[in-house]
J.: 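Mind having a look at this structure? Questions to follow.
Residue numbers begin at 1 in each chain, while the letters A, B, ... track the order of the sequences. Worth knowing before you read on, the calculation uses all heavy atoms, side chains too, and leaves out hydrogens, waters and symmetry mates.
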Number of protein chains: 2
Amino acid sequence: MKLISQLAREANIPIGTIRFYEKSGLISGMTKPGITSNNYVYYDDEVTEKLRFIKMAKAVGFTLAEIKQVIDAWYQKELTKASKMEVLNLKLEQIDTKIGELKAMKKQIARCKHNIENGLSR
Amino acid sequence: MKLISQLAREANIPIGTIRFYEKSGLISGMTKPGITSNNYVYYDDEVTEKLRFIKMAKAVGFTLAEIKQVIDAWYQKELTKASKMEVLNLKLEQIDTKIGELKAMKKQIARCKHNIENGLSR
DNA sequence: CACAAGTATGAAGTATACTATATACTTGTA
DNA sequence: TACAAGTATATAGTATACTTCATACTTGTG
């Protein structure tokens with residue numbers, strides 16, 4: 001159980017971004033039941049995990065809306081087993097497509113490098 | 001040599017987006033030397049190739065600025081061989097990082113699917 | 001107990017990547 | 001030759017994903 005600054009440090013994500021993600025429904029912390037003097041929000045390790053996932057997914061071009069779908073399928077949210085599976089299977093397909101695109105790009109860039117090394121125009 | 005609407009059809013990219021890419025310096029067409037009655041812009045197959053690359057690169061999370069760097073390294077642009085190689089090698093590294101992230105996501109989602117199938121909370 | 005540092009909230013501002021609109025000119029077809 | 005369809009240009013608007021700012025309250029340390 002940590003406060004936002006510690007979470008930000010651990011995940012290496014700005015506090016503002018974390019607050020934005022929380023407002024967007026991707027993550028959520030909780031206020032401590034006993035405490036009434038403030039409304040500080042506490043986060044557990046599940047949130048750290050989610051942030052790690054968000055970071056990776058963003059890095060490969062998924063939108064926050066898409067990421068939210070996966071996180072919702074992941075961490076319950078009154079969804080049926082079938083609809084969760086649908087979301088996850090679609091993502092797996094999209095991931096394979098992206099891997100294919102990355103491999104195609106690798107080949108193209110390797111060819112380009114080869115051409116440059118040999119002084120060809122293209 | 002094709003006009004913008006044909007290029008848009010071939011690449012399956014909206015005309016407006018193509019114009020935006022041209023304004024952003026990612027692609028460029030040319031007016032026909034002999035013609036003075038209009039300023040229609042013609043595009044060759046190199047542009048189609050570039051658009052294909054842009055599409056892939058965008059799909060895996062590269063920004064237009066990053067893509068422009070690669071295209072510039074690719075298609076000359078008064079850059080030294082060394083600086084081109086630097087750009088391309090960096091991209092190859094980033095591509096491998098992204099492939100790694102995608103594989104990690106695959107594993108995580110597969111694990112998640114397994115849990116859902118077995119009725120586990122996570 | 002002063003006060004720097006941390007926290008919450010809301011609203012406005014920014015960057016990227018389009019997308020739409022308005023205007024005006026050009027071309028091809030009936 | 002009328003006129004729909006295509007093209008160019010500039011400007012404004014939109015969506016996403018933050019980022020900054022202002023305000024106000026809370027907490028921990030000397």
J.: Mind calculating the distance between CG (L7(A)) and C1' (dG6(C)) to the nearest angstrom?
T.: 15 Å
J.: Is it the case that atom NZ in K103(A) sees more than 12 heavy atoms from other parts of the structure closer than 6.0 Å?
T.: no
J.: Take T36(A) and G16(A), find for each the nucleotide of DNA chain D with the closest heavy atom, and name the residue whose nucleotide sits nearer the 5' end.
T.: G16(A)
J.: Can you get from Y42(A) to I4(A) by hopping between Ile, Leu, Val, Met, Phe, Trp and Tyr side chains that sit under 4.5 Å apart?
T.: no
J.: Just by protein heavy atoms under 4.0 Å, how would nucleotides 7-13 of chain C read 5' to 3' in B, S and -?
T.: SBB----
J.: Quick one: do V70(B) and F62(B) satisfy side-chain contact (heavy atoms from CB on, under 4.5 Å)? Show the steps, please.
T.: CA-CA 11 Å; V70(B) 175; F62(B) 287 111; over 6 Å; no
J.: Tell me: CD1 of I13(A) to P of dT19(D), nearest whole Å?
T.: 11 Å
J.: Which atom pair, heavy atoms only, marks the closest approach of A8(A) to P14(A)?
T.: CB-C, 4.5 Å
J.: Can you find a heavy atom in the side chain of E117(A) that is under 4.5 Å from one in the side chain of K81(B)?
T.: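 Result no, sub-4.5 Å side-chain heavy-atom pair not found.
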J.: Can you see whether T63(A) engages K68(A) through a side-chain donor-acceptor pair at a distance of less than 3.5 angstrom?
T.: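 Judged by distance alone, the side chains do not pair up.
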J.: Between N38(B) and dA8(D), is there a side-chain N or O to OP1/OP2 distance below 4.0 Å?
T.: no
J.: Check whether any side-chain N or O of T17(B) sits under 4.0 Å from OP1 or OP2 of dA17(C), and answer yes or no.
T.: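 Looking at the OP1 and OP2 atoms of dA17(C), neither is under 4.0 Å from any side-chain N or O of T17(B).
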J.: Regarding D44(A) and K2(A), does a basic nitrogen lie under 4.0 Å from an acidic carboxylate oxygen?
T.: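 Answer for the salt bridge query: no.
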J.: All N/O contacts under 3.5 Å from nucleotides 13-17 of chain D to the protein, with atom names and distances to one decimal?
T.:
unit_1: dA17(D); atom_1: OP1; unit_2: L64(A); atom_2: N; d: 2.7

J.: Quickly work out the E22(B) CD to dT9(D) C1' distance and round it to whole Å.
T.: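 After rounding, the reported distance stands at 12 Å.
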J.: Kindly check if the number of other-residue, nucleotide or ligand heavy atoms within 6.0 Å of CD (Q6(B)) is above 12?
T.: yes
J.: Do Y43(B) and E10(B) have a side chain donor and acceptor closer than 3.5 Å?
T.: no
J.: Just how far, in rounded Å, is C1' of dG6(D) from CZ of R9(B)?
T.: 11 Å
J.: Within less than 4.0 Å of OP1 or OP2 of dT27(C), is there a side-chain N or O belonging to S37(B)?
T.: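 It does, given that an N or O in the side chain of S37(B) lies less than 4.0 Å from OP1 or OP2 of dT27(C).
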